[in-house]
Participant: 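Got a structure for you, questions after.
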Number of protein chains: 4
Amino acid sequence: MWGGRFSKSINDQFAYLNNSFRFDWRLYAADIRGSVAYAKELARSEIITDAERDALIDGLQRVKQEFDARTFESNPSTPLRVSDEDIHTAVERRLGELVGAVAGKLHTGRSRNDQVATDARLFTLDAISNLQSPISDLQRALVEKSEQHLDLIMPGYTHVQRAQPVLFAHWLMAYFWMLQRDAERLRDCAARVAVLPLGAGAIAGNALGIDREFLARELGFARVSENSIDAVSDRDFIAEFLFAAALIGIHLSRLGEDLVYYSSAEFGFITMDDAYATGSSLMPQKKNPDAMELARGKAGRLIGNLMTLLTVLKGLPSSYDKDLQEDKEPLFDTVDTLSALLPVVAGVIRTMRVNANALRAALDPAMLATDLADYLVRRGIPFRDAHRLAGQAVKRAETLGVALSELSLAEYKTIAPEFGADVQRVFDFAQSLAAREVSGGTGPHAVRAQIAQARTIIERVA
Amino acid sequence: MWGGRFSKSINDQFAYLNNSFRFDWRLYAADIRGSVAYAKELARSEIITDAERDALIDGLQRVKQEFDARTFESNPSTPLRVSDEDIHTAVERRLGELVGAVAGKLHTGRSRNDQVATDARLFTLDAISNLQSPISDLQRALVEKSEQHLDLIMPGYTHVQRAQPVLFAHWLMAYFWMLQRDAERLRDCAARVAVLPLGAGAIAGNALGIDREFLARELGFARVSENSIDAVSDRDFIAEFLFAAALIGIHLSRLGEDLVYYSSAEFGFITMDDAYATGSSLMPQKKNPDAMELARGKAGRLIGNLMTLLTVLKGLPSSYDKDLQEDKEPLFDTVDTLSALLPVVAGVIRTMRVNANALRAALDPAMLATDLADYLVRRGIPFRDAHRLAGQAVKRAETLGVALSELSLAEYKTIAPEFGADVQRVFDFAQSLAAREVSGGTGPHAVRAQIAQARTIIERVA
Amino acid sequence: MWGGRFSKSINDQFAYLNNSFRFDWRLYAADIRGSVAYAKELARSEIITDAERDALIDGLQRVKQEFDARTFESNPSTPLRVSDEDIHTAVERRLGELVGAVAGKLHTGRSRNDQVATDARLFTLDAISNLQSPISDLQRALVEKSEQHLDLIMPGYTHVQRAQPVLFAHWLMAYFWMLQRDAERLRDCAARVAVLPLGAGAIAGNALGIDREFLARELGFARVSENSIDAVSDRDFIAEFLFAAALIGIHLSRLGEDLVYYSSAEFGFITMDDAYATGSSLMPQKKNPDAMELARGKAGRLIGNLMTLLTVLKGLPSSYDKDLQEDKEPLFDTVDTLSALLPVVAGVIRTMRVNANALRAALDPAMLATDLADYLVRRGIPFRDAHRLAGQAVKRAETLGVALSELSLAEYKTIAPEFGADVQRVFDFAQSLAAREVSGGTGPHAVRAQIAQARTIIERVA
Amino acid sequence: MWGGRFSKSINDQFAYLNNSFRFDWRLYAADIRGSVAYAKELARSEIITDAERDALIDGLQRVKQEFDARTFESNPSTPLRVSDEDIHTAVERRLGELVGAVAGKLHTGRSRNDQVATDARLFTLDAISNLQSPISDLQRALVEKSEQHLDLIMPGYTHVQRAQPVLFAHWLMAYFWMLQRDAERLRDCAARVAVLPLGAGAIAGNALGIDREFLARELGFARVSENSIDAVSDRDFIAEFLFAAALIGIHLSRLGEDLVYYSSAEFGFITMDDAYATGSSLMPQKKNPDAMELARGKAGRLIGNLMTLLTVLKGLPSSYDKDLQEDKEPLFDTVDTLSALLPVVAGVIRTMRVNANALRAALDPAMLATDLADYLVRRGIPFRDAHRLAGQAVKRAETLGVALSELSLAEYKTIAPEFGADVQRVFDFAQSLAAREVSGGTGPHAVRAQIAQARTIIERVA
């Protein structure tokens with residue numbers, strides 16, 4: 001494609017390092033879509049005839065069919081398994097084989113620099129669009145599971161210590177909102193992806209007077225890039241996508257952490273469905289929550305992909321440098337990772353069995369110590385003092401080896417005369433929840449409202 | 001603050017590790033702002049009297065004055081330099097010293113979990129707001145410098161090889177658009193920061209029936225969080241800010257890379273002002289572009305801060321865990337780094353001398369080889385063939401040791417009979433630029449339009 | 001120090017960004033030690049007289065005393081809080097104030113480039129040396145705790161599912177070996193740190209014919225660097241140290257994860273001592289394992305510091321660039337983090353209460369399913385089949401709602417006729433352990449041997 | 001392999017996520033080597049007969065031949081492209097097809113946990129061993145190129161500003177020593193990789209009384225692991241390898257940065273051979289240093305792989321968790337990346353043309369300002385003053401628009417009366433170098449000694 005000024009062919013090992021076709025073939029649909037639009041504009045600008053345009057478009061569609069059918073062959077006549085330098089070269093080479101010399105006109109005024117940037121943006125827009133459904137479906141699974149256990153109370157933890165009673169649905173819905181932020185972040189990202197670089201040429205812009213606005217409309221971009229130098233070297237949109245994906249990974253890793261422990265013998269809150277668990281090659285009794293461990297572990301990979309690209313970009317000179325070729329594999333891997341992971345997590349949520357008895361059994365009256373302090377506050381004691389006195393009650397109960405609710409009134413009165421016989425009424429988990437109907441709180445009505453709001457959101461998406 | 005149930009005091013080394021006051025004192029203004037709003041709401045909800053509210057607010061303002069004046073003292077009676085556990089404890093302790101027992105009522109229904117999340121969000125909103133001006137000022141510096149050199153042509157590079165002529169202003173403006181995306185990313189981030197966690201309590205929500213919408217309005221939040229468990233453990237907003245900051249860092253690192261080389265003896269395009277350069281302790285002749293090297297290097301730190309937080313968050317159980325305390329130092333360091341760096345980069349741009357002669361001297365006729373190919377395209381040769389023929393001309397000129405523009409017509413005709421005497425007209429840099437008036441291109445009118453658009457943007461901000 | 005060729009003073013904001021004294025003052029002891037050695041060599045090489053050398057050394061020691069006593073003052077006459085550019089400038093400036101013009105001779109043939117590299121290596125060598133004791137002490141705490149519970153059996157987990165019985169001591173000792181690798185990694189790293197850069201000058205080497213071998217001996221380096229360009233820009237030794245530290249952080253994060261869960265109500269294996277736990281500002285009953293959560297979280301910071309430096313170094317041109325100034329803060333922070341964290345973790349281990357009853361109660365006969373399969377193997381069934389049959393027994397017991405050990409012989413015989421009455425003998429945890437006396441296994445003798453080996457190692461260090 | 005206790009088959013999407021065969025097939029040689037050794041030991045321990053051992057070993061070798069010949073087929077009868085769960089399952093399944101029921105005995109007392117750890121260590125040991133030759137070959141290329149230009153002087157840069165004259169060979173040899181540290185780091189790493197986990201079982205150790213020392217000898221490990229829990233979950237060795245590889249990547253990125261700029265038109269020091277350069281799809285004259293840009297960019301990927309694994313490991317509970325499956329792809333990718341990159345860089349070095357005239361033309365008398373200061377030092381002026389005076393000379397020359405060497409004696413005397421007519425003798429580059437014969441310096445003899453030392457090192461390796 002570019003050998004005119006060269007007097008020697010490329011070294012084989014270097015060719016292998018340099019060639020990107022073995023991974024960037026995945027851009028084929030985007031590449032061909034971009035070329036079809038470009039052919040149209042070349043005809044509109046009278047650089048090529050309408051007949052040439054039609055020949056090009058027809059040929060491009062045949063190339064696409066070969067890719068779709070996995071019959072596209074890289075040139076088998078060289079020692080390298082993959083001989084085409086990249087997807088652009090491969091498509092142009094094959095197009096030439098199919099339609100002849102006119103193929104050589106398609107690249108007029110275009111550079112691989114603006115072409116690959118366009119391809120990568122089309123691919124990323126598709127990827128974001130394709131992730132909406134599995135994210136939304138996981139959200140739906142969370143909502144549905146929450147709705148199945150609307151009144152089930154469980155210990156809420158902080159520091160992995162029992163803190164206060166919360167609704168199981170409230171705990172599960174926490175993940176809904178993390179994913180909702182993820183979806184919004186992807187939407188914001190998409191707006192920055194949808195900026196057309198095509199027409200930027202190698203660096204200086206196109207000299208054919210083409211209509212970039214037409215190209216943008218044709219390819220579904222919201223607007224055209226403002227500066228051709230920036231356009232060919234901007235990979236912010238991939239970095240932003242990789243970041244948004246890494247945060248999704250972190251959210252799934254947190255859900256994974258919760259579920260791995262909740263399905264342990266010690267917690268026993270959750271039983272994984274056999275379809276989403278594995279066994280051990282050595283220990284016959286084992287049933288392992290691999291799916292959620294992988295959800296936890298994949299966060300590492302997603303963060304690593306982000307780190308890869310940020311490091312590649314750091315300190316790069318302006319405009320296009322070959323280092324930018326390193327943007328694609330982390331992009332592809334992140335898309336593949338989330339695409340494989342999200343539906344599995346949704347499956348885990350949908351099929352897991354919630355062990356209501358275990359959740360109830362884990363409710364310990366000491367989790368109502370805050371309510372006990374609130375009791376004193378209602379009797380006029382400043383909260384900080386009430387907190388201290390409730391703490392003394394906890395300590396006294398521990399010393400006596402009884403539950404906080406079993407401490408005698410006499411004991412309570414020793415700690416604070418404000419305690420009365422009605423202190424017993426504090427030790428009611430449902431009542432504790434009912435007191436927390438503040439917006440966003442764990443009160444049953446608040447949680448129902450929260451779920452209703454979530455339903456509205458996912459139905460809007462669907 | 002929480003010792004009621006404990007029978008032993010805390011180990012000194014652990015206290016040092018655990019205490020965050022030595023860095024989170026920086027949240028004092030946010031913390032006090034949050035407490036003032038909370039006191040108002042406690043009175044509105046009749047948890048405290050109006051007189052108590054006034055006493056609390058008055059006391060809080062006195063504490064703030066002590067911080068502002070740097071006279072706030074951590075308790076000096078302990079061997080630890082900093083004895084308060086954290087900013088919240090410090091403020092509450094000092095408030096108690098100033099206003100007495102009523103201070104113990106301020107924390108009613110509130111936990112440090114929702115308090116610190118609120119503080120961190122207020123701090124981040126301020127940080128984003130405070131970064132707008134230096135970002136915008138750097139953009140302004142880029143626009144002004146571009147306007148000073150509207151018609152200056154320089155080599156545009158790809159792969160650090162001379163590629164095509166571009167306007168100096170076009171090169172510089174590329175950075176304007178990177179920063180514009182950064183500003184937009186921060187704006188999108190701010191919308192996700194402006195969600196109020198206050199009222200989430202430790203995890204379960206507030207039991208006092210407080211009005212979170214009032215708190216949100218009072219504190220300038222756009223809305224309230226939907227789930228209390230998520231609210232106390234969500235640090236996505238910091239991660240997103242750190243990411244946006246890391247990308248700013250990457251953009252500055254790329255500008256740094258360009259300017260470090262452009263101010264080398266070999267390029268000689270730029271002369272740093274003495275006010276923004278340093279010398280050598282050993283070599284008397286040295287004048288080093290330290291400012292832009294630091295701009296390049298600081299990207300590492302900003303990326304490292306992002307990685308710190310992402311790794312902290314990965315695999316954490318839901319709700320609050322102490323690990324989250326590790327969110328603050330990267331946040332503070334990133335804010336400090338950008339606050340110190342951005343104005344210096346603006347200063348460098350404003351004061352640097354552009355060596356027009358050096359830029360012009362670097363224009364090599366071979367950079368017009370694309371125009372030479374375009375010449376053949378206009379004579380009906382498909383671009384791919386025209387590219388090959390122009391490449392042969394380049395090679396021939398190299399072999400003969402002459403500039404591409406000095407190759408004889410006879411030589412040109414040997415390569416392709418389509419070449420005519422008018423081929424000489426190709427070798428005109430200004431004309432090459434004039435052909436690239438496509439939107440976003442380097443043509444003089446296109447660049448003027450680009451600068452005008454940029455002017456509109458920064459004037460809208462100001 | 002370098003202003004001769006400059007006609008303008010440095011911009012204040014740039015000075016703040018550029019100056020490193022506010023953090024690199026921590027190198028003062030190393031810097032002065034290096035200068036003392038250099039003064040000696042200048043005299044040996046007859047660049048200065050013996051009297052000048054004595055004056056310099058005397059002055060340097062006085063400067064060090066000012067630093068030690070925290071009475072060293074940065075020049076207070078400028079608006080910047082810290083006016084000295086860096087530790088080298090500060091020491092030289094103060095030395096001049098104390099000893100006069102001879103101070104100007106100390107820098108002869110030396111550059112800050114080789115000086116700071118020498119300082120950083122001295123600092124890192126000290127840091128590695130200083131970390132040996134807290135690492136070794138934590139190892140000692142692990143050994144001692146193991147020795148206190150030599151025969152205590154607990155569930156061994158994989159995938160956080162009960163897998164096979166192991167000794168508590170065996171579980172705890174796993175961390176000993178991680179730390180042992182860490183200690184070895186630091187030792188290997190130290191060998192690469194102990195290479196003297198002094199004498200490399202700015203880049204080209206020293207022109208005074210100084211004896212670098214003398215300097216190496218004087219400063220405790222094992223050898224001198226081989227190439228002056230490499231010497232001034234090599235920061236591999238810091239990267240390697242930061243990596244070794246990050247792995248220590250990861251090991252502590254894993255121990256943190258185990259202990260956070262083991263001290264939950266659900267596991268209940270461990271009770272944190274009150275001296276190493278904290279309470280809640282809201283919930284009076286809470287006792288939180290903050291120390292080990294911080295141990296888990298600090299890994300993020302240590303990894304972030306490593307990423308900072310790796311990213312700074314990536315793509316840097318050869319020899320000294322100002323970007324390298326970004327090496328110090330991650331180095332200092334990592335040293336401080338581990339220095340604060342390691343003793344606290346040792347304290348946690350030493351003071352935590354092991355709840356033997358809870359550990360025993362968690363032993364479930366199903367954890368002996370592997371032994372059940374082994375039973376069949378001993379009766380001639382290939383392991384893969386035996387595993388399947390034991391799995392069926394587990395499933396049958398689950399279906400019947402009985403423990404694996406409670407399944408009747410008739411049931412067992414239905415699964416496999418090879419089962420005999422002696423199958424009951426399988427369900428003996430101590431016997432299961434006794435079968436695993438293979439080296440490195442959890443058999444009581446193997447674990448005693450393991451502990452004895454560990455004792456030998458830590459006593460060799462002490 | 002483990003389905004006995006399960007009542008439902010695995011979900012397809014989960015199977016795809018869970019199965020690792022599509023990448024861990026690369027461990028086949030290691031896996032089979034480990035199994036052959038294990039079969040031998042099973043026979044030695046009389047768990048199986050000698051005939052069974054021979055059948056197993058024979059079968060394993062046939063499986064290996066199928067892999068070697070790429071005829072090994074994953075079960076094609078399922079909708080998943082790859083149906084075997086992992087390499088261990090695949091080998092055992094195929095072995096069963098080839099040798100029948102005896103295959104079910106191979107796994108006796110072994111778990112995939114100790115098996116995969118053994119495989120990964122064997123693979124990593126091979127990888128380290130295989131990297132020695134390309135590292136050493138690149139070092140050789142650097143030495144050879146240095147030897148070809150022994151007396152060629154070039155500007156030495158700091159901050160990308162001309163600093164002092166150095167030998168071209170000295171600059172190039174700087175990279176030799178970076179790689180030498182890399183080789184040493186890999187060697188230290190290998191010692192920690194060569195610790196046998198086999199026999200650790202799933203977590204508790206092997207119950208068959210096998211001889212782990214025999215297995216270690218048989219498989220080439222230096223010693224056996226001390227603790228079975230640690231053994232199955234230790235991935236430090238991969239992290240350490242990935243770190244060492246990332247540093248290699250950083251060194252190559254720095255060499256890349258140097259060569260990308262040195263082959264620019266502005267520096268012109270180096271001309272890339274056509275076999276290691278590429279052209280542009282648009283600009284016919286372009287010749288791009290892609291190989292070295294990729295060398296620079298690949299560092300990002302290598303750092304990202306390290307980040308991936310560190311994040312995966314952070315906060316993991318002790319012993320085996322499925323997250324650890326995420327260790328393999330970064331390991332494989334890092335090995336592949338370095339294997340592809342190192343020979344190309346060696347090829348670039350060997351074939352690049354050094355433009356001696358351009359190097360000489362870049363020597364500027366101002367680079368001898370340090371020598372000018374030294375001149376004054378020799379006349380009794382303290383270095384700090386001499387530095388200032390030389391700086392004034394530089395400034396004066398700049399003001400007059402003459403080279404530093406062209407400043408008149410009268411001008412020099414105005415700056416400092418100590419200047420004499422012999423000041424002209426300072427401006428001799430060769431003499432400046434000759435003054436720097438200190439060990440590690442750029443003096444011609446010092447550089448020859450450095451190269452000789454390097455020769456000794458690489459010949460010791462060969």
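We use all heavy atoms of the structure for the numbers below, so side chains are in, but hydrogens, waters and symmetry mates are not. Note that this is a predicted model, so its numbers are computed, not measured.
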Participant: Side chain, backbone, both or neither: which part of C/M307 has an atom under 4.5 Å from a heavy atom of chain D?
Facilitator: side chain
Participant: Return the minimal non-hydrogen interatomic distance between C/A202 and D/Q164, and the atom names on each side.
Facilitator: CB-OE1, 4.2 Å
Participant: With side chain to side chain contact (heavy atoms under 4.5 Å, CB included) as the test, would you mind laying out the steps for C/R254 and D/D321 before giving the verdict?
Facilitator: CA-CA 12 Å; C/R254 297 185 75 167; D/D321 303 281; 4.3 Å; yes
Participant: Kindly compute the distance separating CD1 (C/I303) from CG (D/L313), expressed to the nearest 0.5 Å.
Facilitator: 8.0 Å
Participant: Tell me, for C/A204 versus chain D, whether the close heavy atoms (under 4.5 Å) come from the side chain, the backbone, both or neither.
Facilitator: both
Participant: Grab the two heavy atoms, one from C/D230 and one from D/W177, that are nearest each other, plus how far apart they are.
Facilitator: OD2-CB, 3.6 Å
Participant: Give, as side chain, backbone, both or neither, the part of C/A200 having an atom under 4.5 angstrom from any heavy atom of chain D.
Facilitator: neither
Participant: Return the option, out of D/L389, D/D234, D/D385, with the maximum number of heavy-atom pairs under 4.5 Å with chain C.
Facilitator: D/D234
Participant: Do the charged groups of C/D188 and D/R185 touch, with an N to O distance under 4.0 Å?
Facilitator: no
Participant: Which one of D/E92, D/E213, D/R110, D/E437 has the most heavy-atom pairs closer than 4.5 Å to chain C?
Facilitator: D/E92
Participant: What I want to find out is whether D/R181 reaches C/E240 closely enough, with some N-O distance under 4.0 Å, to be called a salt bridge.
Facilitator: no
Participant: Roughly how far apart are D/I229 CD1 and C/M178 CE, rounded to 0.5 Å?
Facilitator: 9.0 Å
Participant: Is chain D contacted by the side chain of C/Q161, its backbone, both, or neither, given a heavy-atom distance below 4.5 Å?
Facilitator: neither
Participant: For the residue pair C/E226 and D/M173, establish whether any side-chain heavy-atom pair is separated by less than 4.5 Å.
Facilitator: no
Participant: Measuring only between side-chain heavy atoms, which start at C-beta, is C/K105 closer than 4.5 Å to D/R384?
Facilitator: no
Participant: Once rounded to the nearest 0.5 Å, what's the spacing between atom CZ of C/R223 and atom OG of D/S439?
Facilitator: 11.5 Å
Participant: Against chain D, label C/Y175 side chain, backbone, both or neither, depending on which of its atoms sit under 4.5 Å from a heavy atom there.
Facilitator: side chain
Participant: Measure distances from C/R296 to the heavy atoms of chain D and classify the residue's part below 4.5 Å as side chain, backbone, both or neither.
Facilitator: both
Participant: Under 3.5 Å, is there a donor-acceptor pair between the side chain of C/T158 and the main chain of D/Y320?
Facilitator: no
Participant: With a 4.5 angstrom heavy-atom cut-off, which part of C/V224 approaches chain D: side chain, backbone, both or neither?
Facilitator: side chain
Participant: With respect to chain D, which residue among C/A454, C/A299, C/S318 yields the maximal number of heavy-atom pairs within a distance under 4.5 Å?
Facilitator: C/S318
Participant: Which atoms of C/N206 come close to chain D, meaning under 4.5 Å heavy atom to heavy atom: side chain ones, backbone ones, both, or neither?
Facilitator: both
Participant: Answer with side chain, backbone, both or neither: which region of D/V394 has an atom nearer than 4.5 Å to a non-hydrogen atom of chain C?
Facilitator: side chain
Participant: Could you look at C/H170 and say if it's the side chain, the backbone, both or neither that has a heavy atom under 4.5 Å from chain D?
Facilitator: both
Participant: Most heavy-atom pairs under 4.5 angstrom with chain D, which of C/V166, C/N113, C/I203?
Facilitator: C/I203
Participant: With a 3.5 Å cut-off and no angle check, do the side chains of C/S319 and D/H159 form a donor-acceptor pair?
Facilitator: no
Participant: Among C/P317, C/A435, C/P197, who wins on heavy-atom pairs under 4.5 Å with chain D?
Facilitator: C/P317
Participant: Count the heavy-atom pairs under 4.5 Å between each of D/A239, D/G391, D/A295 and chain C, then report the option with the highest count.
Facilitator: D/G391
Participant: What distance separates C/N227 CG from D/Q180 CD, expressed to the nearest 0.5 Å?
Facilitator: 13.0 Å
Participant: Of the listed residues (D/R396, D/H251, D/R378), which shares the most heavy-atom pairs with chain C below a 4.5 Å separation?
Facilitator: D/H251
Participant: Flag the one option from D/R388, D/K322, D/R212 with the top tally of heavy-atom pairs under 4.5 Å to chain C.
Facilitator: D/R212
Participant: Let me know if C/T370 has heavy atoms under 4.5 Å from chain D in its side chain, its backbone, both or neither.
Facilitator: neither
Participant: Heavy atoms only, distances under 4.5 angstrom: which of D/K314, D/E184, D/K395 has the most pairs with chain C? Name it, please.
Facilitator: D/K395
Participant: Would C/L310 and D/L306 count as a side chain to side chain contact (heavy atoms under 4.5 Å, CB included) if you check the C-alpha gap in whole Å, the side-chain angles of each, and the deciding distance to 0.1 Å?
Facilitator: CA-CA 11 Å; C/L310 294 181; D/L306 171 62; 3.8 Å; yes
Participant: Using non-hydrogen atoms only, which part of C/L316 is less than 4.5 Å away from chain D: side chain, backbone, both, or neither?
Facilitator: both
Participant: Sort out for me which of C/G205, C/G104, C/S225 touches chain D most, counting heavy-atom pairs under 4.5 Å.
Facilitator: C/G104
Participant: Side chain from CB out, backbone as N, CA, C, O: work out which of these in C/Q392 comes under 4.5 Å of a heavy atom of chain D, or both, or neither.
Facilitator: both
Participant: So which residue, C/S432, C/A244, C/S253, C/G441, ends up with the most heavy-atom pairs under 4.5 Å with chain D?
Facilitator: C/S253
Participant: Can you tell me how far CG of D/D182 sits from CG of C/D236, rounded to the nearest 0.5 angstrom?
Facilitator: 6.5 Å
Participant: Tell me whether the rings of C/H107 and D/F383 are parallel (<30°), tilted (30 to 60°) or perpendicular (>60°).
Facilitator: tilted
Participant: Looking at C/A373, C/G315, C/G300, which one has more heavy-atom pairs under 4.5 Å with chain D than the rest?
Facilitator: C/G315
